Trainee: 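Okay, handing you the structure first.
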Amino acid sequence: MNTFTKATLALLTSSAIATSAFAASGSSDDSAYETYRNSISSVEALSNTLDKHGIQYNAEVNLKGANTFTKKADAYNDKYEELQTVFNAAHFAN
């Protein structure tokens with residue numbers, strides 16, 4: 001019985017160590033996914049601002065060929081810069 005208890009404790013300890021190692025490293029896409037979601041939120045927020053000011057714009061994002069979260073985030077960041085330029089032109093024209 002004593003051997004069984006030691007084996008169980010060793011198994012539980014190794015499981016806990018493995019679990020904490022996986023939790024610390026996480027998925028390789030977690031960071032890229034979060035960046036992608038933040039980029040989408042930025043475009044949506046700026047689109048809402050442009051709508052409230054009655055400014056015409058095109059908020060369509062071309063994701064053709066964007067097969068990773070990083071590439072999708074880049075596409076949304078490009079659209080954000082485009083929309084920011086539209087906003088600046090309309091806002092500072094007065």
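Just so you know, these numbers use all the heavy atoms, side chains as well, and skip hydrogens, waters and symmetry mates. Here the structure is a predicted model, which means the values were calculated and not measured.
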Trainee: Parallel under 30°, tilted from 30 to 60°, perpendicular over 60°: which one fits the rings of Phe87 and His91?
Mentor: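 Rings of Phe87 and His91: parallel, as their planes differ by under 30°.
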
Trainee: Should Thr68 and Lys71 count as side-chain neighbours, where that means a heavy-atom distance under 4.5 Å?
Mentor: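 The answer is yes; the side chains approach within 4.5 Å.
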
Trainee: Restricting to non-hydrogen atoms, name the atom on Ala75 and the atom on Asn62 that form the minimum distance, rounded to 0.1 Å.
Mentor: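 So the two residues come closest at CB-O, 3.8 Å.
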
Trainee: How long is the span from the CG atom in Asp74 to the CG atom in Leu63, to the nearest 0.5 Å?
Mentor: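 Between atom CG of Asp74 and atom CG of Leu63 there are 11.0 Å.
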
Trainee: Taking all non-hydrogen atoms of both residues, which atom of Glu82 and which atom of Asn58 are closest, and how far apart?
Mentor: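 Shortest heavy-atom contact: OE2-O, 4.1 Å.
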
Trainee: Check whether any side-chain N or O of Lys79 sits under 3.5 Å from a backbone N or O of Glu60 as a donor-acceptor pair, and report yes or no.
Mentor: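 Flag set: sc Lys79 to bb Glu60 pair under 3.5 Å.
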
Trainee: To the nearest 0.5 Å, how far apart are OG1 in Thr70 and OH in Tyr36?
Mentor: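 Here the interatomic distance stands at 12.0 Å.
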
Trainee: Could you tell me if Tyr57 and Asp51 have a donor-acceptor pair between their side chains, going purely by distance under 3.5 Å?
Mentor: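 Side-chain D/A pair, Asp51 to Tyr57: present.
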
Trainee: Quick one: side chain to side chain donor-acceptor pair (under 3.5 Å) partners of Gln84, sequence neighbours excluded?
Mentor: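 Checked Gln84 against side chain to side chain donor-acceptor pair (under 3.5 Å); matches are Tyr80, Asn88.
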
Trainee: Taking all non-hydrogen atoms of both residues into account, name the closest pair between Tyr76 and Ser39 and its distance.
Mentor: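 Tyr76 and Ser39 have their closest heavy atoms at CB-CB, 3.6 Å.
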
Trainee: Look up atom CG in Asn77 and atom CD1 in Ile40, then write down how far apart they are to the nearest 0.5 Å.
Mentor: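 Reported to 0.5 Å precision, the distance equals 10.5 Å.
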
